Amino acid sequence: MPELPEVEVIRRGLAARLVGRRFLKVSASDKPLRQQSPLSFLQSRLAGNRLTAVKRKGKYLLFILEDGSTLLVHLGMTGRLMVGEPGALATLPHVHLRVSLDNGLELVFQDVRRFGRVLLFEPGVPIAPLAQVGRDPFSRAVTAAWLAGEARGRLRPLKNFLLDGRILAGLGNIYACEILFAAGLHPETPAGRLSLKDWERVLKETRRILAKAIRRGGTTVNDYLNSQGETGLFQFELMVYGRAGEPCRVCGTPIRRLVQAGRSTFFCPACQKLKRRGRQNITTKTPRH
DNA sequence: CACCCCACCTGCGTGC
DNA sequence: TGCACGCAGGTGGGGT
């Protein structure tokens, strides 16, 4: 479900309402998430512990606790984190974790498909899943030259490159499609064939689109709700995602759908031309190790 | 290595 | 109405 903008909107909502609160009791459903710390471990570490910050890395949320432990949450496809009155949340289906707070409210993790992850790390324990997470698109460490270096020599389609969270963290299927449209690049272009100018455009549009989506509260196509149960608004600004057969908002050409690495890609065949030929970029690649 | 496929789940819309 | 099928904001293990 959620990509960087949705996770960031949730992070801000939770930070505003939860930082400084103590967690009290924890309960879980009988159905496990894809990955989840044992309930007894969550209970023993969280009970009485105060939340000092809510951070984000890629699509991961990190709840930093005052004793130095970290609760790592990934929402998968359909995960939601919501805060509210226990009475109002009591009847929600598919709630897999409930945590009561010292102000009488409750934090719940709801996840229909159970692709989500909730893992607790004690102080000093390395947070293994984060080792695979790439750079945040807003980080100053992300530049057009760096992207060009990462893509150098790679034949994989640009769309798949953008979806690889070990490089750029936080892009998912919706925003990858929207970024490629905004940059005027065909999703099947081999990543290594982009020029530095292309990468400058990709990076500029990535930041512009993600920032705007955050301002709009994220994209609700189907399931996404923020921590207060509200939908986003960016779905009204989508140019290509989910619009197969509909006219391009720029040129009127019907939007096309194709499948790449098992996932739908939406693009305008007129606005996004495939560069079959083109200069290989010659940026020096920084060694990975 | 680089890259793709597929499984992991549940629900919903479509077409027969 | 029922049923089969395809599809869905993600990830990572295993295979080529």
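Note that these values count all heavy atoms, side chains included, but never hydrogens, waters or copies made by symmetry. Nothing here was measured: the structure is a model prediction, and the numbers come from that model. We name chains A, B, ... by the order of the sequence lines, and we start the count at 1 in each one.
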Separation of atom [atom1] in [X] from atom [atom2] in [N], rounded to whole Å:
X        : N      : atom1 : atom2 : value
A/Gln35  : B/dA7  : CD    : P     : 19 Å
A/Leu33  : C/dG12 : CG    : C1'   : 16 Å
A/Asp223 : C/dC7  : CG    : P     : 18 Å
A/Asn160 : B/dA2  : CG    : P     : 15 Å
A/Arg263 : C/dA8  : CZ    : C1'   : 9 Å
A/Leu162 : C/dG10 : CG    : C1'   : 16 Å
A/Tyr60  : C/dG12 : OH    : C1'   : 9 Å
A/Tyr175 : C/dG10 : OH    : C1'   : 15 Å

[X] near the nucleic acid: base, sugar-phosphate alone, or nothing, with a heavy-atom cut-off under 4.0 Å?
X        : result
A/Asp111 : nothing
A/Arg114 : sugar-phosphate
A/Asn173 : sugar-phosphate
A/Pro32  : nothing
A/Leu155 : sugar-phosphate
A/Phe161 : nothing
A/Val112 : sugar-phosphate

Establish, with yes or no, whether the OP1 or OP2 oxygen of [N] is under 4.0 angstrom from a side-chain nitrogen or oxygen of [X].
X        : N      : result
A/Lys31  : B/dC9  : no
A/Thr78  : C/dA8  : no
A/Arg257 : C/dC7  : yes
A/Asn222 : B/dG11 : no
A/His74  : C/dT11 : yes
A/His94  : B/dC9  : no
A/Arg117 : C/dG12 : yes

Open item on the list: So for A/Arg34 and B/dC8, does any side-chain atom that can act as donor or acceptor lie under 3.5 Å from a complementary atom in the base?
Closed with: yes
Task: No-hydrogen, no-angle side-chain donor-acceptor test under 3.5 Å, A/Glu6 and A/Tyr175 - done: yes
Open item on the list: Quick check for you: among C/dG12, C/dC7, B/dA2, whose closest atom lies nearest to any side-chain atom of A/Ser264?
Closed with: C/dC7
Open item on the list: Pairing check on B/dG11: which nucleotide meets the Watson-Crick or G-U wobble criteria with it, both distances under 3.5 Å?
Closed with: C/dC7
- [ ] Would you indicate whether the side-chain heavy atoms of A/Thr219 and A/Tyr224 approach each other to under 4.5 Å?
- [x] no
- [ ] For A/Arg113 and for A/Gln132, find the nucleotide of DNA chain C with the closest heavy atom, then tell me which residue's nucleotide is more 5'.
- [x] A/Arg113
TODO: Please state the P separation for the pair B/dC1 and C/dT11 - nearest whole angstrom.
DONE: 22 Å
Task: P atoms of B/dC5 and C/dC7, separation to the nearest Å - done: 14 Å
- [ ] Look at A/Asp67 together with A/Arg45 and state whether they make a salt bridge at an N to O cut-off of under 4.0 Å.
- [x] yes
Task: Electrostatic pair A/Glu3:A/Lys59 at N-O distance under 4.0 angstrom - done: no
Task: Contacts of type ring pair (Phe, Tyr, Trp, His ring centres under 6.0 Å), residue A/His94, not counting sequence neighbours - done: none
- [ ] Using heavy atoms to find the nearest nucleotide of DNA chain B for A/Gly262 and A/Phe115 separately, return the residue whose nucleotide is more 5′.
- [x] A/Gly262
Task: A/Arg21 atom CZ, neighbour heavy-atom count above 12 within 6.0 Å - done: yes
TODO: Begin from the C-alpha positions of A/Phe109 and A/His96 and carry the test ring-ring contact (aromatic ring centres under 6.0 Å, His included) through to its verdict.
DONE: CA-CA 6 Å; A/Phe109 185 93; A/His96 295 103; 7.3 Å; no
